Amino acid sequence: MRKRLALSHLPTPIQRPQRLAEALGVDLHVKRDDMTAGAEAGNKIRKLEYLLAAAREERADCVITCGGLQSNHARATALLCASLGLRSVLFLRTADPAAGAPLEGNVLLDRLAGAEIRLISPEVYRTRDVVMAEAAAEIRAEGGRPYVIPEGGSNGLGALGYVRAMEEIRKQLDLGLAGGKPFDVIVHACGSGGTAAGAALGAARYDVAGEVRAMAVCDDRETFARITRAIMDDARALEPRLGAPAQLVIDDSARGPAYAVSTPEQRARILKVARLSGLVLDPVYTGKAFSGLWDMAERGELSGKRVLFLHTGGLPGLLAQSAAFAELF
Ligand SMILES: *Cc1c(COP(=O)(O)O)cnc(C)c1O
């Protein structure tokens, strides 16, 4: 077993939002991974439990990672580094680095945590692994001990966090929770592929679901198929006990106009979900994924199926987009 730091509050509950389930005509359950912790909550903390354990083992004193400007992963890393007494350096992608970053949503939390933010253009971001390796070399030359975490914490080691999440769901089913039987399908938002890879491996290993439906929020199916395959290979190399994954379907039908840009219909559904269930989705990840689930329900693809929506968090990203929601009120 790989070393893991216990940083999250587990197990997260599995809930049945009754009125929402009835409105959609779906046997719907929700795994509340938006409740894995306090301000650092969401899906990233499960990956960071393994990644930061590795950083600790290497006696790192500084963590370098990257993401979009409103990255939930960068925010979780910044806050967890503060709690562990580590320095954090975040490379954040923004259209105009010279314009700076508004102090809102995840960026506000990054700053509170004392992270060093380095804004980079989308063009530079494409070479992020080189940029982070160069920063690591500089820090090492100054006597520091950096540890680099890839985008989204999505490598084989990080994906083990979602293998473990599936084991956690298996234990909940064994206790008779959520109907006690495996799910037919798990639906979740896919942004860098680590959650999908870990969930697909873990769902098969622990007989939790026959299918994992990863709703792409940015890139297309082919891209994520390639990325998730590589992460799964990487994870299996670390944990040879992992066998074949559950069926992993990458669905890019709900990705919307661009990363972090949602459609008016997706935003209207975020409002409906809040009013029917009290669940708060975000326009970057979970709102798109749930909108995809909603489309599947409307097409009749979920009738008679046991469905688990994995709520991966993302609340600060919603709070940074208030202007996009003004039209709804
Ligand atoms: C990062 C993120 C995802 C996507 O997870 P990946 O493992 O990066 O694919 C989904 N939802 C939220 C809220 C996230 O922050």
Side-chain angles (χ1 to χ4, degrees), residues 12 30-37 39-51 65-80 92-93 105-106 109-110 149-166 186-202 212-219 221 223-232 234-235 248 250-252 254-256 259-260 262 266 270 279-293 309-321:
T12 58
V30 180
K31 174 72 169 166
R32 296 291 306 272
D33 270 12
D34 56 320
M35 293 171 64
T36 45
E40 68 276 46
N43 61 336
K44 300 308 176 319
I45 192 168
R46 290 191 187 266
K47 307 182 200 180
L48 288 166
E49 288 190 326
Y50 286 94
L51 295 161
T65 195
C66 65
L69 185 61
Q70 283 293 331
S71 166
N72 296 307
H73 162 69
R75 174 255 307 165
T77 302
L79 290 166
L80 293 172
L92 302 181
R93 181 186 66 235
N106 283 303
L109 296 170
D110 297 341
I149 295 179
E151 180 187 65
S154 287
N155 57 16
L157 184 59
L160 296 182
Y162 267 88
V163 173
R164 192 167 185 279
M166 296 301 116
I186 295 175
V187 180
H188 73 88
C190 178
S192 64
T195 302
L201 289 170
V212 172
R213 168 88 50 150
M215 292 288 177
V217 301
C218 40
D219 293 303
R221 268 185 59 184
T223 305
F224 276 123
R226 182 168 39 77
I227 290 171
T228 52
R229 223 178 295 125
I231 298 171
M232 287 192 285
D234 192 9
L248 174 57
I250 313 277
D251 183 334
D252 60 10
R255 64 180 157 146
Y259 175 73
S262 56
Q266 288 170 340
I270 288 173
L279 291 169
V280 178
L281 306 177
D282 75 285
V284 185
Y285 293 101
T286 56
K288 288 185 177 181
F290 197 87
S291 191
L293 186 158
F309 181 71
L310 178 59
H311 191 329
T312 43
L315 178 61
L318 169 72
L319 301 180
Q321 284 203 19

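Remember, predicted model here, so these are calculated numbers, not experimental data. All ligand and atom numbering here is 1-based and tracks the order in the structure.
- Within the 3.5 Å criterion, the main-chain N or O of K288 finds no donor-acceptor partner in the side chain of R255.
- Below 4.0 Å from some heavy atom of G194 lie the following atoms of ligand 1, by number and element: 7 (O).
- Taking CD from Q266 and OG1 from T286, the interatomic distance works out to 10.5 Å, rounded to the nearest 0.5 Å.
- Here is the list of ligand 1 atoms found below 4.0 Å of a heavy atom in G314: 13 (C).
- Looking at ligand 1, you'll find an N or O of T195 within less than 3.5 Å of one of its N or O atoms.
- At the top of the distance list for atom 8 (O) of ligand 1, counting protein heavy atoms only, stands S192 OG, 2.5 Å.
- How far CG of L310 is from NE2 of H188: 6.5 Å, rounded to the nearest 0.5 Å.
- One N or O on the side chain of R75 and one on the backbone of A41 form a donor-acceptor pair closer than 3.5 Å.
- Near N72, meaning under 4.0 Å from any of its heavy atoms, are these atoms of ligand 1: 13 (C), 14 (C), 15 (O).
- At least one donor-acceptor pair under 3.5 Å links the side chain of H311 to the backbone N or O of V280.
- Within ligand 1, the atoms closer than 4.0 Å to a non-hydrogen atom of T312 are 10 (C), 11 (N), 12 (C), 13 (C), numbered from 1 in the order shown.
- Residue contacts with ligand 1, taken as heavy atom pairs separated by less than 4.0 Å, involve K47 solely via side-chain atoms from C-beta onward.
- Looking at atom 2 (C) of ligand 1, its nearest protein heavy atom turns out to be K44 NZ, 2.3 Å.
- For H73, no heavy-atom contact with ligand 1 is shorter than 4.0 Å.
- Ranking protein heavy atoms by distance to atom 9 (O) of ligand 1, first place goes to G191 N, 2.7 Å.
- In this structure, K44 contributes its side chain and G153 its backbone to no donor-acceptor pair below 3.5 Å.
- No donor-acceptor pair closer than 3.5 Å links the side chain of Q321 to the backbone N or O of V284.
- In summary, the side chains of Y50 and N155 do not present any donor paired with an acceptor at a separation below 3.5 Å, with no hydrogens or angles considered.
- Judged by the shortest distance from any of its heavy atoms, G42 lies outside the 4.0 Å radius around the atoms of ligand 1.
- Here N43 has side-chain heavy atoms under 4.0 Å from ligand 1, and that is the only part of it that gets that close.
- Looking at T65 and H73, their side chains do bring a donor and an acceptor atom within 3.5 Å of each other.
- Atoms of ligand 1 found under 4.0 Å from any heavy atom of C190, numbered from 1 in the order shown, are 9 (O).
- Contact analysis leaves A196 out of contact with ligand 1, as no non-hydrogen atom separation drops below 4.0 angstrom.
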